[in-house]
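Structure record follows, encoded as structure tokens.
Proteins get letters first, then strands, A, B, ... in listed order; numbering begins at 1 in each. The structure presented is a predicted model; accordingly, all values stated were derived computationally and were not measured.
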2 protein chains.
Amino acid sequence: MMKTKSARSLHGHVVQELGQRIVGGKLRPGDLLPREERLAEHMEVSRTALREAMKVLSAKGLVESRPKVGTRVREPRFWHQLDADVLAWRCASMPTEDFVQKLLEMREIIEPAAAASAARHCNAEQLERLEMAFAAMENAANLDEWAEADLDFHEAVLTATNNELLVSLFSVIETALGTFFVLSARTAKNFKYSLPHHQKVLEAIRRRQPEAARRTMQRMVADSRSNMNRQSRGSGKG
Amino acid sequence: MMKTKSARSLHGHVVQELGQRIVGGKLRPGDLLPREERLAEHMEVSRTALREAMKVLSAKGLVESRPKVGTRVREPRFWHQLDADVLAWRCASMPTEDFVQKLLEMREIIEPAAAASAARHCNAEQLERLEMAFAAMENAANLDEWAEADLDFHEAVLTATNNELLVSLFSVIETALGTFFVLSARTAKNFKYSLPHHQKVLEAIRRRQPEAARRTMQRMVADSRSNMNRQSRGSGKG
DNA sequence: TCCTTTTTATTTGTCATACAAGAAGGTTAT
DNA sequence: ATAACCTTCTTGTATGACAAATAAAAAGGA
């Protein structure tokens, strides 16, 4: 689920390890990490590799280092919550119901607005990509193919806004769709339901109808929400 | 304008320097950087410090390093556009008109939705912070105090949603308000105009009226836009 | 006794050097 | 012509040493 490839390099591995521990709550805000020498020894890497990892975690707002005092875990309000890694770490050990609701709220804010913007600003090439993604959903042979094409469709909508700031929010949409895919009943029926929505969104964008695009996308996300709520009531997530 | 404090440490300085050059376009996507040894020499730091800087830039999606081939500048679509540093670097050498419009679009999407969400979810403490910020705007002795209180107000709205993902978008709002403050006519009159809007937003949130909060915030951002457009037509930005 | 100044100890920050690992491009053998 | 093998260049990692910063303790003065 959601590979972050950076586990090849040593310092990348340390980033993953510590990042997951911090976001996952095993290391708590205010906690003082062991000093670099010891921590490096404990992680079985050199101080050099450890420090490079620390700089990355620091760039993500997870830790803060100061001479003499050491490196401590920062409070969640400083974390770069929209960072793809931070989002992934948050989902690593099963996302809380609360977090899922926040992801859905983000989708409900971003995606309808993006669809409307796409209807206004998209160009021919971007429209074609949307159509390709939709076609891929129609022709999907299995659920995994379907999910991949769906992701592509949503990314294509964001891209079609021609606003790279909006495109950068794809990490959030991706995470939301990922948890949706994991948490909801993985039957073809549940998914194919939303295909008509996709088609209407595509149509509205093609016809340059921002408000229609917005409304349809709104319904699509709302359906996700109700589908999810039904699911989680059924299986009782915490 | 918009301090990023990390210029104290050496590697922090390198991050700033290279980040600014990349985002500012002096180093272009696909460009191959000099190899670490030479670059370190050229920047007058050790290879160690340079590499720590590189890891940070890599974490922001600006560069990509591979053995034997070297480190090259990535294409803008990979940049973490919502990162506070990236946004700041983008504004460093006078933001383009195009970028300002994208910032405004983000505000128009995020802030009304956040105001509505705040009206639904905010607690007593968060409401108090909103009221404090508003009071600070009323009592501002000069434009700088006003701008600071205004920023605080907008951050308080995001915080009041109780959705940390939304709060993380404050870097965007901050940048938008910053450029607005720089580009628009810096007269008391232009600013005091929006105070009634702030009051109405505050009232709507206090009274738990999501739709009223949304509409009022929408008007507030729209006013910013028209104010700005008027301004840029006048002085002809490109 | 209380406050200010100085010292000290500890941790991160930086440096220099050496070697390992990976990969592109050319070389050789089949 | 193709495939396997080298060469070589660059990043990746390790190590040891020292500089800089600063929190905490010690010393000095009112």
Task: Chi angles and distances behind the salt bridge (charged side-chain N to carboxylate O under 4.0 Å, His left out) call for B:Glu41, B:Arg47 - done: CA-CA 8 Å; B:Glu41 179 182 15; B:Arg47 210 188 136 202; over 6 Å; no
With sequence neighbours excluded, residues passing side chain to side chain contact (heavy atoms under 4.5 Å, CB included) with [X]:
{"X": "B:Glu131", "answer": "B:Leu127, B:Leu202, B:Arg206"}
{"X": "A:Ala133", "answer": "A:Asp152, A:Phe153"}
{"X": "B:Glu37", "answer": "B:Arg35"}
{"X": "A:Pro29", "answer": "A:Glu75, A:Pro76"}

_Going 5' to 3' along DNA chain D, which are the first and last nucleotides with any atom under 4.0 Å from a heavy atom of chain A?_
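Endpoints of the contacted stretch of DNA chain D: D:dT13 to D:dA23.
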Might you list the N or O atoms of the protein lying below 3.5 Å from N or O atoms in nucleotides 7-12 of chain C, with each pair's distance?
{"unit_1": "C:dT10", "atom_1": "O4'", "unit_2": "A:Lys68", "atom_2": "NZ", "d": "3.4"}
{"unit_1": "C:dT11", "atom_1": "OP2", "unit_2": "A:Arg35", "atom_2": "NH1", "d": "3.3"}
{"unit_1": "C:dT11", "atom_1": "O4'", "unit_2": "A:Lys68", "atom_2": "O", "d": "3.4"}
{"unit_1": "C:dT11", "atom_1": "O2", "unit_2": "A:Lys68", "atom_2": "N", "d": "3.1"}
{"unit_1": "C:dT12", "atom_1": "OP2", "unit_2": "A:Glu36", "atom_2": "N", "d": "3.2"}

Counting C-beta onward and ignoring hydrogens, is there a side-chain heavy-atom pair between A:Val167 and B:Gln81 closer than 4.5 Å?
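In short, these two side chains do not touch, never coming nearer than 4.5 Å.
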request  = May I ask you to test the B:Leu177-B:Ile173 pair for a side-chain heavy-atom distance under 4.5 Å?
outcome  =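 Yes, side chains in contact.
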inquiry  = Looking at B:His11, I'd like to know whether one of its side-chain N or O atoms comes within less than 4.0 Å of OP1 or OP2 on C:dT14.
reply    =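 Indeed, a polar side-chain atom of B:His11 lies that close.
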Does the salt bridge (charged side-chain N to carboxylate O under 4.0 Å, His left out) test come out yes or no for B:Asp31 and B:Arg72, once each step is laid out?
CA-CA 5 Å; B:Asp31 279 4; B:Arg72 46 178 78 252; over 6 Å; no
